[in-house]
Number of protein chains: 2
Amino acid sequence: MPGMDPRRLLIFRTVVRNGSIGAGARELGWTQPAVSQHLAALEKEVGTTLLLRSSAGVTPTEAGSRLAQHAEAIAAQLEAATEELADLTALRRGTVRFGTFPSAAAVLLPPVLSRLRETAPDLDVTFEEIEPPDAIAKLREGELDLALVFRYPCSDVDAEGTLEWSPLLEDRVMAVLPQDHPRAEDPDLTLADLAEETWVAGCERCRANLISSARTAGFTPTVRHSTDDGVVAQRLVQHGGGVALLPETVLEATPVEEVVVRSLPGLDSRMIGLLNRRGAQAIPAVAAVRDALVAEAAPRTSSAVMI
Amino acid sequence: MPGMDPRRLLIFRTVVRNGSIGAGARELGWTQPAVSQHLAALEKEVGTTLLLRSSAGVTPTEAGSRLAQHAEAIAAQLEAATEELADLTALRRGTVRFGTFPSAAAVLLPPVLSRLRETAPDLDVTFEEIEPPDAIAKLREGELDLALVFRYPCSDVDAEGTLEWSPLLEDRVMAVLPQDHPRAEDPDLTLADLAEETWVAGCERCRANLISSARTAGFTPTVRHSTDDGVVAQRLVQHGGGVALLPETVLEATPVEEVVVRSLPGLDSRMIGLLNRRGAQAIPAVAAVRDALVAEAAPRTSSAVMI
DNA sequence: CAACGATGCCAAGTTCTGCTTATGACCTGT
DNA sequence: ACAGGTCATAAGCAGAACTTGGCATCGTTG
């Protein structure tokens, strides 16, 4: 770090621009001796006379004019910095790197983006489909600003730690049966009644939820197929591949007519929410995206948790 | 003036470069809370969160990284400024605008310039022939850094005021007679003996000196010709145009064989010296030129006045 | 799993920077 | 000669800012 106080450099600049110490002091809102002392200190710091004093004011020496030029450049840089920061805080600029899990990408994201185009037109939102575990990693490494993730009650509280979790809405898990299933329309159907079925499991974490739910219902599911694609899962069910548990948003995003969707007692919901590094909510651009998401999620479920 | 303390900006920069507040503090030679407080103040000043804190250190927000970039630019500018100043004080750079009166330009200047080429090869000396009165004006206006001027004892102390005078050497005034002058070789010749002669006067100030000297010798000279060119004056004397008073340096610079040069009692000397704005001696480049001139002038006369 | 080491923040105390007021010197112009 | 401009210096005081000490949190390690 150079041994020159940059504040004094700026003071020096205003003095040079004004042609006299007193005038510079007035512009700074200070008294003349204050500025005079600063200039003396600056000259001591740089070890050279910068100004020739006379009763008519001051004129810079050669070293003084060169230094004043540098000071001008620094002042301009400061000006630019404050302006850029103002733009960032006023959302006239800013980028948010946003990651969401696939099914939310289909359902929630488009309206949110269009909402943002209105409220913060100059905000750049770069968006990425990403599974929750990877999202957590990327958030930690600072490669992502905000992530829309889901979590099942059974899942450990994750390694939150430095991350911040804001629940958005509850995504009910539904049972999906083939149309010709004998109890497809049975109003008294429970999860335990499906103990002997073969199952189509979803992604790894959805499968964990299936197993957890089944355990509390008293059985261990026989998993025949595994896919994290909602359509594939439903088609498998449709064609007799088994039964499945799928979240409501997935079923809403990619409805398949030829299957029966049932809400069963004892099925958990998964929570959909936002994840970000602790403190990132303070970043205006991030907050803007969060607000848009909250506004979009609110009407979707009465049990939505506001933040 | 932007409302952001540039020192804090530099502190912020070192913290970002180090990845943690503590490490930044160590580099600055401070304690961690000191830096922490500065960062908090900076964030308050700009109204935005700049760093995301974690137990692993800090990572800049978007605003933080942009600001850090500006801070880098400012630091570089400061670095460049200190370097340039160091060059100026070390005489690795620098320009001196130097003015001298004509006859000195011929005699003193060439050796001085060659001397400077050795001691300060990267020093720019721009040189200008200028009469003392004009030199004073240009010094006042800051268009000249240093001037070599002469002054006669009779001349008022000039309007020194804000200017600084350093005597260099004494320039004796000599009488110039035609070779066929009846008393050309008379060892007892005095100025009073030339009362009835007609005179060739020099420049305005030299003429003033002639009149002043003549008055103390008891007569008023009859001036027939006037010229500020030393050669012309001597030629006029040679061809019977009259007698003249000319400074030694002029006679030395432009010797004319066919005249007789006499040192007479009661003739004043003119002082040759340096003039500069008060305080300009502190400028290294100016001091270098002055030193070279002093070194050059010293052997020329035993009565040289050192500074 | 507990302890350690790293990170950060906060509160309180003390040092010292830095601003003000007051004064004096100097040059300029009337 | 004096009034009005410039700047420097000295003394005093307030607030900034650095330090010390204590604590919370997180990640790692034995």
Side-chain angles (χ1 to χ4, degrees), chain A residues 5-8 10-12 15-16 18-45 49-61 64 136-137 139-142 157-165 277-279 282, chain B residues 5-8 10-12 14-16 18-45 49-60 64 136-137 139-142 157-165 277-279 282:
Chain A
D5 188 335
R7 285 179 313 168
R8 299 205 164 116
L10 295 183
I11 294 170
F12 173 69
V15 166
V16 169
N18 282 274
S20 91
I21 299 184
R26 274 189 292 281
E27 180 174 329
L28 293 168
W30 290 343
T31 59
Q32 173 265 318
V35 176
S36 196
Q37 290 168 20
H38 273 296
L39 293 179
L42 180 62
E43 287 183 325
K44 189 174 181 182
E45 282 174 347
T49 303
L50 297 174
L51 294 172
L52 294 183
R53 281 85 163 165
S54 81
S55 68
V58 292
T59 55
T61 66
I136 290 175
L139 282 170
R140 283 244 167 72
E141 295 161 14
V157 192
D158 286 302
E160 269 197 34
T162 143
L163 299 184
E164 219 168 5
W165 162 257
R277 295 191 56 160
R278 190 183 301 285
Chain B
D5 188 335
R7 282 181 315 169
R8 299 205 164 114
L10 294 183
I11 294 170
F12 174 69
T14 58
V15 167
V16 170
N18 283 273
S20 90
I21 299 183
R26 274 189 293 281
E27 181 175 328
L28 293 168
W30 291 344
T31 59
Q32 176 268 319
V35 176
S36 195
Q37 289 169 21
H38 272 296
L39 293 179
L42 180 62
E43 287 183 324
K44 190 174 181 183
E45 281 175 348
T49 304
L50 298 173
L51 294 173
L52 294 183
R53 281 85 163 166
S54 82
S55 70
V58 292
T59 55
I136 290 176
L139 282 170
R140 283 245 167 73
E141 296 161 15
V157 194
D158 286 303
E160 270 197 33
T162 147
L163 300 183
E164 221 168 3
W165 162 257
R277 294 190 58 161
R278 189 182 302 283

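Rounded to whole Å, atom P of D:dT25 lies 14 Å from atom CD of A:Glu164. For the pair A:Ile11 CD1 and C:dG18 C1', the computed distance is 10 Å after rounding to whole Å. Regarding A:Asp5, its CG atom lies at a distance of 13 Å from the C1' atom of D:dA17, rounded to whole Å. Whole-Å rounding puts the B:Trp30 CH2 to C:dC16 P distance at 15 Å. The CZ-C1' distance, from B:Arg277 to C:dC26, rounds to 14 Å in whole Å.
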* **Footprint string (nucleotides 3-12 of chain D, 5' to 3'): B base within contact, S backbone only, - free, heavy atoms under 4.0 Å** => --BSBBBBB-
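Nearest heavy-atom pair across A:Thr49 and A:Leu51 is CG2-O, 3.3 Å.
Counted by atom type alone, A:Arg53 and A:Thr59 present zero donor-acceptor pairs between their side chains at under 3.5 Å. No hydrogens or angles considered: nothing links the side chains of B:Arg140 and A:Ser54 as a donor-acceptor pair under 3.5 Å.
For the pair A:His38 and C:dT17, the criterion of a side-chain N or O lying under 4.0 Å from OP1 or OP2 is not met. An OP1 or OP2 oxygen of C:dC26 is reached within less than 4.0 angstrom by no side-chain nitrogen or oxygen of B:Arg278. In this structure, A:Thr31 does not reach the C:dC19 phosphate: none of its side-chain N or O atoms is under 4.0 Å from OP1 or OP2.
Taking 4.0 Å as the cut-off between side-chain N and carboxylate O, B:Glu164 and B:Arg277 do not count as a salt-bridged pair.
Legend: residues meeting salt bridge (Lys or Arg N to Asp or Glu O under 4.0 Å) with A:Arg26, ordered by chain and number and at least two apart, are absent.
Remark: side-chain polar atoms of A:Asp5 are paired, donor with acceptor, to backbone N or O of A:Arg7 under 3.5 angstrom.
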